[in-house]
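Notes for the one structure printed next.
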Amino acid sequence: MNIYIANLSFDVHDDDLRNIFAPYGEVTSAKVITDKATGRSRGFGFVEMADEAASTKAIAELNGTTVENRTIGVTVAKPKGDRPSRDFNSGKSYNENRY
DNA sequence: CGTGAGCGG
């Protein structure tokens, strides 16, 4: 189950997300999306859990809770392909020049 | 590189 965590504190990182979802079940992967430009946190992240019930429980328990003095929003993540991709061919990088 | 929207590689 892919879990989307929004409104995270900038102090929260990958291992921090792992520690949050750890007691709820087996955390397959924990990733806080850091800004590509600044390298700092963007304020949201993704957590993948192997167990369906554990992930649902984690969402229900952690949604609306306060972490690092910031109220986080935990919801089910949408498929990655939903966001508009500028790359039409994966693995084939083309020039990013704007028309 | 702006730190506040909320969906990454």
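Treat the numbers as computed from the prediction; the structure is a model and nothing was measured.
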message: Let's see if you can work this out: which of B/dC1, B/dG4, B/dC7 has an atom nearest to the side-chain heavy atoms of A/F10?
response: B/dG4
query: What residue among A/V12, A/D11, A/N7 forms side-chain contact (heavy atoms from CB on, under 4.5 Å) with A/V67?
result: A/V12
- prompt: How long is the line joining CD1 of A/I33 and P of B/dT3, in whole Å?
  reply: 14 Å
query: In the hydrophobic clustering (ILVMFWY, side-chain contacts below 4.5 Å, transitive), which residues join A/F10, or is it alone?
result: none
- prompt: Could you give the distance from CD1 (A/I3) to OG1 (A/T56), rounded to the nearest 0.5 Å?
  reply: 7.5 Å
message: What is the separation between atom CD1 on A/I3 and atom P on B/dC7, rounded to the nearest whole Å?
response: 17 Å
message: I'd like to know if A/R42 pairs up with A/D35 as an ion pair, taking the criterion as any Lys NZ or Arg NE/NH1/NH2 lying under 4.0 Å from an Asp or Glu carboxylate oxygen.
response: yes
- prompt: If you measure from the C1' atom in B/dT3 to the same atom in B/dG9, how many Å do you get, rounded?
  reply: 23 Å
message: Of the options B/dG4, B/dC7, B/dG2, whose atoms approach the side-chain atoms of A/T38 most closely?
response: B/dG2
task: Calculate the interatomic distance between A/R42 atom CZ and B/dG4 atom P; express it in whole Å.
output: 14 Å
- prompt: For the pair made of CG in A/D11 and C1' in B/dG4, what is the distance, rounded to whole Å?
  reply: 13 Å
- prompt: What does A/I5 touch in the nucleic acid at a heavy-atom separation under 4.0 angstrom: a base, only the sugar-phosphate, or nothing?
  reply: nothing
- prompt: Under 4.0 Å: is that the gap between some side-chain N or O of A/R40 and OP1 or OP2 of B/dC1?
  reply: yes
message: Quick one: does any side-chain atom of A/D14 pair with a main-chain N or O of A/V32 as donor and acceptor, under 3.5 Å?
response: yes
statement: Walking DNA chain B from its 5' end, the first of A/D35 and A/A6 to be reached, judged by nearest nucleotide, is A/D35
field: Atom pair distance, as rounded to whole Å: CG in A/N7 and P in B/dG6
entry: 11 Å
task: Could you tell me whether B/dG6 is syn or anti, where syn means a glycosidic angle within 90 degrees of zero?
output: syn
- prompt: Considering heavy-atom distances to DNA chain B, does A/V47 or A/R70 have its closest nucleotide positioned more toward the 5' end?
  reply: A/R70
query: Atom NE2 of A/H13 and atom P of B/dT3: how far apart are they, to the nearest Å?
result: 13 Å
- line: Taken to the nearest whole Å, CG/A/L8 to C1'/B/dG6 is 10 Å
query: Heavy atoms under 4.0 Å, any strand shown: does A/S41 hit a base, just sugar-phosphate, or nothing?
result: nothing
message: Need one value for A/V76: base, sugar-phosphate or nothing, where a base atom within 4.0 Å counts as base even if backbone is also close, heavy atoms only.
response: base
- line: When rounded to whole Å, the CZ to C1' distance for the pair A/F44 and B/dT3 reads 13 Å
